[in-house]
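Remember, it's a predicted structure, so these values are computed and weren't measured experimentally. Values reported hereafter were calculated over all heavy atoms of this structure, with side chains retained and with hydrogens, waters and symmetry mates removed.
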Amino acid sequence: MSPLRESTLFRDGEDLQGELRAFLNAFVGSDAGASAATAARQAGFEGTLVLRTVNPVGVVCLDVAGRRVSATPGDDVAVELEFDAGDLHELLLNRLGPVEISQLYETDRISFSGRPEALGFVVTLAGALQPFYPDSLAARGRGDLLDTPAREIRAVWDIDGPPREVIGKRRPWQRPKRSSEAL
């Protein structure tokens, strides 16, 4: 990941990890968590989602199918996501749209790895997870985090070097294009 701004939202990594564990535990203990566990098993999403942050550094792991939250990844990592803690906070408060999420990727402020099917499952899981974050912050008396001002939304942003090739790039799971002569 590229160098990022210093986050002042969380006192330290332990503070951040505490908030992430609290909201994820609320999720796995809920009906939405039960539904996600069933969906994970049906989709074949076996393994752990590892959520890493920088600024401050933290790691939280979620076994969706097993409905468990832990501090350390096991041998069964299915997806790894890495965010700046401030960016993750904005995302979980539903303050970022598709353009801003794309900007995180294009400016190296997010990284991810995993099989395409597993990454797709995590995208759908994000919608189920998101409402639990602000509710957890409110329940834990973290108005300081809820009241943080939203970042400035810009339609144009600068990056160092050429933009990442996203459009028109063949992905490993995509079939080869048929040539026009074969038609």
What closest approach, in Å, do Tyr133 and Phe23 show between heavy atoms, and which atom pair accounts for it?
-> N-CD1, 3.5 Å
Heavy-atom side-chain proximity of Leu49 to Leu81 below 4.5 angstrom | yes
d(Leu20 CG, Leu51 CG) to nearest 0.5 Å is 6.0 Å
Between Arg52 and Pro73, which heavy-atom pair has the shortest distance, and what is it?
-> NH2-CG, 4.1 Å
Working to the nearest 0.5 Å, report the span between CZ of Arg95 and CG of Asp87.
-> 12.0 Å
Hydrophobic cluster identity match, Leu119 and Ile101, side-chain contacts under 4.5 Å | yes
Which atom names give the shortest non-hydrogen contact between Cys61 and Thr72, and what distance separates them?
-> SG-C, 3.4 Å
Drop me the distance from Arg41's CZ to Thr38's OG1, to the nearest 0.5 angstrom.
-> 4.5 Å
Side chains of Phe27 and Leu125 in contact at under 4.5 Å (non-hydrogen atoms) = yes
To the nearest 0.5 angstrom, please state how far the CZ atom of Phe83 sits from the CD1 atom of Ile110.
-> 3.5 Å
Nearest-0.5 Å distance, CG of residue Leu129 to CG of residue Leu62 = 6.5 Å
Could you tell me whether a side-chain N or O of Gln130 sits under 3.5 Å from a main-chain N or O of Leu92, the two making a donor and an acceptor?
-> yes
Rest of the hydrophobic cluster containing Val50 (Ile/Leu/Val/Met/Phe/Trp/Tyr, side-chain heavy atoms under 4.5 Å)?
-> Val59, Val77
Would you check if Val54 and Glu82 make a side-chain contact, meaning some heavy-atom pair closer than 4.5 Å?
-> yes
From Arg109 atom CZ to Gln103 atom CD, the distance as rounded to the nearest 0.5 Å = 7.5 Å
Derivation and outcome, side-chain contact (heavy atoms from CB on, under 4.5 Å), residues Val79 and Phe45 | CA-CA 10 Å; Val79 172; Phe45 183 84; 4.0 Å; yes
Which atom pair, heavy atoms only, marks the closest approach of Leu145 to His89?
-> O-NE2, 3.0 Å
Please tell me if the side chains of Leu104 and Leu91 come closer than 4.5 Å, counting only heavy atoms from C-beta onward.
-> no
Are Ser102 and Glu106 close enough that a side-chain donor and a side-chain acceptor fall under 3.5 Å?
-> yes
Measure across Val28 and Arg67 and return the closest heavy-atom pair with its distance rounded to 0.1 Å.
-> O-NH2, 2.5 Å
Can you list the steps and then say if Asp76 with Thr48 is a side-chain hydrogen bond (donor to acceptor under 3.5 Å, both in side chains)?
-> CA-CA 6 Å; Asp76 63 343; Thr48 304; 3.0 Å; yes
Begin from the C-alpha positions of Glu19 and Leu137 and carry the test side-chain contact (heavy atoms from CB on, under 4.5 Å) through to its verdict.
-> CA-CA 7 Å; Glu19 296 306 330; Leu137 292 176; 3.5 Å; yes
Test side-chain contact (heavy atoms from CB on, under 4.5 Å) applied to Val64 and Phe121, step by step | CA-CA 11 Å; Val64 180; Phe121 179 79; 4.2 Å; yes
Just wondering, are more than 12 heavy atoms of other shown residues or ligands nearer than 6.0 Å to CG in Asp31?
-> no
Residues Arg21, Glu14: salt bridge by 4.0 Å N-O rule = yes
Test Val60 against Leu16 for side-chain contact (heavy atoms from CB on, under 4.5 Å), laying out the working first.
-> CA-CA 10 Å; Val60 178; Leu16 166 70; over 6 Å; no
May I ask you to say whether Asp15 pairs ionically with Arg142, meaning some side-chain N is under 4.0 Å from a carboxylate O?
-> yes
What is the minimum heavy-atom distance between Ala65 and Ala37, and which atoms define it?
-> O-CB, 3.7 Å
Set of residues satisfying salt bridge (charged side-chain N to carboxylate O under 4.0 Å, His left out) with respect to Glu46, sequence neighbours excluded = none
